[in-house]
Amino acid sequence: MDYRTNITEFVLLGFSQTKEIEVICFVLFLLCYIAILLGNVLIMISVTCSHLVNQPMYFFLSYLSLSDLCYTSTVTPKLIINLVATKKSISYNGCMTQLFTMHFFGGIEVFILTGMAYDRYVAICKPLHYTIIMSRQKCDAMIAASCAGGFLHSFGQFLLAVFLPYCGPNEIDHYFCDVYPLLKLACTDTRKIGFLVIANSGLMGLVTFVVLLISYAVIIYTVRSYSAENRRKALSTCSSHVTVVVLFFAPLLFIYIRPATTLPEDKVFALFYTIIAPMLNPLIYTLRNKEMKNAIKRLCYRITGNEGNKLKGITAFHHHTVS
């Protein structure tokens, strides 16, 4: 295969070439990105600054928020800038960097979601051994393994794309650099590489999704013998996770499990796992979780309390100076 390339930059076509639609999308995605930043940072600080950080479920949740934040930041800022830019281009090196980092943090998120499902499985199906199995040392090891798995996945995707020859055209019919749109631009036969992409992304996502579904099927079977109150508590902690899993995996599998082709719907489905899921995850995990809501309230009280104390101190100092 010829590895030479004549392309120094790519043009990201995005969603539309109509100026009015681009302005609407700019405002919409900017608000979404601000919500992603605020929501996920709030989750991370609330968990880290409370006793919840010692519980494996919230320990993983804080890292999920971090991976969400990093994952969407590899795509969304460039999307927002291109919506108001005259030249919607990305350099060759920038494109390959975006592809690597996006799949790196996306892979980490997939494995963290798996770790969270395992945590719920142990908590409900093996409660007497929970503290031993889900020790802090093992939780740290699972996060490290998630990072290693994400790196191996993204490095594989990166190698598949970086060694392809690109002779032109250079227009990517997407809002970020991904393997399938790049395969469409390669001036070589990419059918074999397309199967490797399916094996790396599609099958990895499918196997993980099936494992998650099986784990929750086992959990549902186990809680049948619980009392109504305990069954409700157990299922309420799992329902949020199942919602996040479906929201993330369903569009991902639609894109990566099929042969190497690009469809107009891909850009819309990609929005779910690059922007919508990272934006909704903080809401999904807090609206039905009393402990998270209480942690956020305590953080807010601590901030407002400190500000109030500072204001009282300034006022007292002012009165003392005047007197």
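Treat the numbers as computed from the prediction; the structure is a model and nothing was measured.
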Hey, quick one: are [X] and [Y] part of the same hydrophobic cluster, counting side-chain heavy atoms closer than 4.5 Å, chains of contacts allowed?
X	Y	result
Ile81	Leu31	no
Ile21	Leu83	no
Phe10	Leu13	no
Val268	Met279	no
Leu196	Leu252	yes

Donor-acceptor pair, [X] side chain versus [Y] backbone, under 3.5 Å?
X	Y	value
Thr76	Ser73	no
Ser91	Gly94	yes
Thr18	Glu20	no
Thr72	Leu69	no
Asn294	Lys290	yes
Lys88	Leu12	no
Ser67	Leu64	yes

Heavy atoms only: give me the nearest [X]-[Y] pair and the separation to one decimal.
X	Y	value
Arg136	Asn54	NH2-CA, 3.7 Å
Gly115	Met142	CA-CE, 3.6 Å
Pro278	Asn40	O-ND2, 3.1 Å
Asp173	Gly14	OD1-O, 4.5 Å
Phe249	Thr208	CZ-CG2, 3.8 Å
Asn200	Gly156	ND2-C, 3.7 Å

Inspect the surroundings of [atom1] in [X] and state if more than 12 heavy atoms from other residues, nucleotides or ligands are less than 6.0 Å away.
X	atom1	value
Lys293	NZ	yes
Phe209	CZ	yes
Lys87	NZ	no
Phe254	CZ	yes

Within-4.5 Å side-chain heavy-atom neighbours: [X] and [Y]:
X	Y	result
Ile43	Met292	yes
Tyr58	His51	no
His103	Ser201	yes
Ile275	Leu79	yes
Thr74	Phe176	no
Met204	Tyr256	no
His153	Ile108	no
Ile257	Leu203	yes

Audit row: Ile172, Cys177, side chain to side chain contact (heavy atoms under 4.5 Å, CB included) steps and yes/no: CA-CA 7 Å; Ile172 298 177; Cys177 289; 3.9 Å; yes

When rounded to the nearest 0.5 angstrom, what is the spacing between [atom1] in [X] and [atom2] in [Y]?
X	Y	atom1	atom2	result
Ile36	Ile276	CD1	CD1	9.5 Å
Glu22	Gln17	CD	CD	6.0 Å
Asp178	Ile255	CG	CD1	7.5 Å
Leu212	Arg120	CG	CZ	14.0 Å
Glu109	Asp68	CD	CG	4.0 Å
Gln55	Met134	CD	CE	12.0 Å

Ring pair (Phe, Tyr, Trp, His ring centres under 6.0 Å) contacts in which one or both residues fall within residues 271-295, not counting sequence neighbours: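 Qualifying pairs: none.
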
Go through Thr101 and Ser154 one step at a time and tell me if the side chain to side chain contact (heavy atoms under 4.5 Å, CB included) criterion holds. CA-CA 7 Å; Thr101 53; Ser154 61; over 6 Å; no

Start with the C-alpha distance between Thr286 and Ser46, add both sets of side-chain angles, then the distance that settles side chain to side chain contact (heavy atoms under 4.5 Å, CB included), and finish with yes or no. CA-CA 11 Å; Thr286 55; Ser46 299; over 6 Å; no

List the steps and the verdict of ring-ring contact (aromatic ring centres under 6.0 Å, His included) for Phe29 and Tyr33. CA-CA 6 Å; Phe29 292 139; Tyr33 188 56; over 10 Å; no

Measure from NZ or CZ of Arg191 to the centre of the six-membered ring of Phe195, then state whether that distance is under 6.0 Å and the direction lies within 45° of the axis.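 Verdict for Phe195: no cation-pi partner in Arg191.
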
Parallel, tilted or perpendicular: which one describes the rings of Phe158 and Phe100, with boundaries at 30° and 60°?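 Because their plane-to-plane angle is over 60°, the rings of Phe158 and Phe100 count as perpendicular.
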
Using the side chain to side chain contact (heavy atoms under 4.5 Å, CB included) rule, take Phe111 and Ile143 through it: C-alpha gap first, then chi angles, then the decisive distance, then the call. CA-CA 8 Å; Phe111 293 119; Ile143 293 296; over 6 Å; no

Set of ring pair (Phe, Tyr, Trp, His ring centres under 6.0 Å) partners for Tyr216, sequence neighbours left out: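 Applying ring pair (Phe, Tyr, Trp, His ring centres under 6.0 Å) to Tyr216 gives His241.
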
Check: Asn170/Tyr92 side-chain N/O donor and acceptor closer than 3.5 Å: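 Checked: Asn170/Tyr92 side chains show no N/O donor-acceptor pair below 3.5 Å.
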
Do Tyr175 and Thr274 have side-chain N/O donor and acceptor atoms under 3.5 Å apart?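 There is such a pair between these side chains.
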
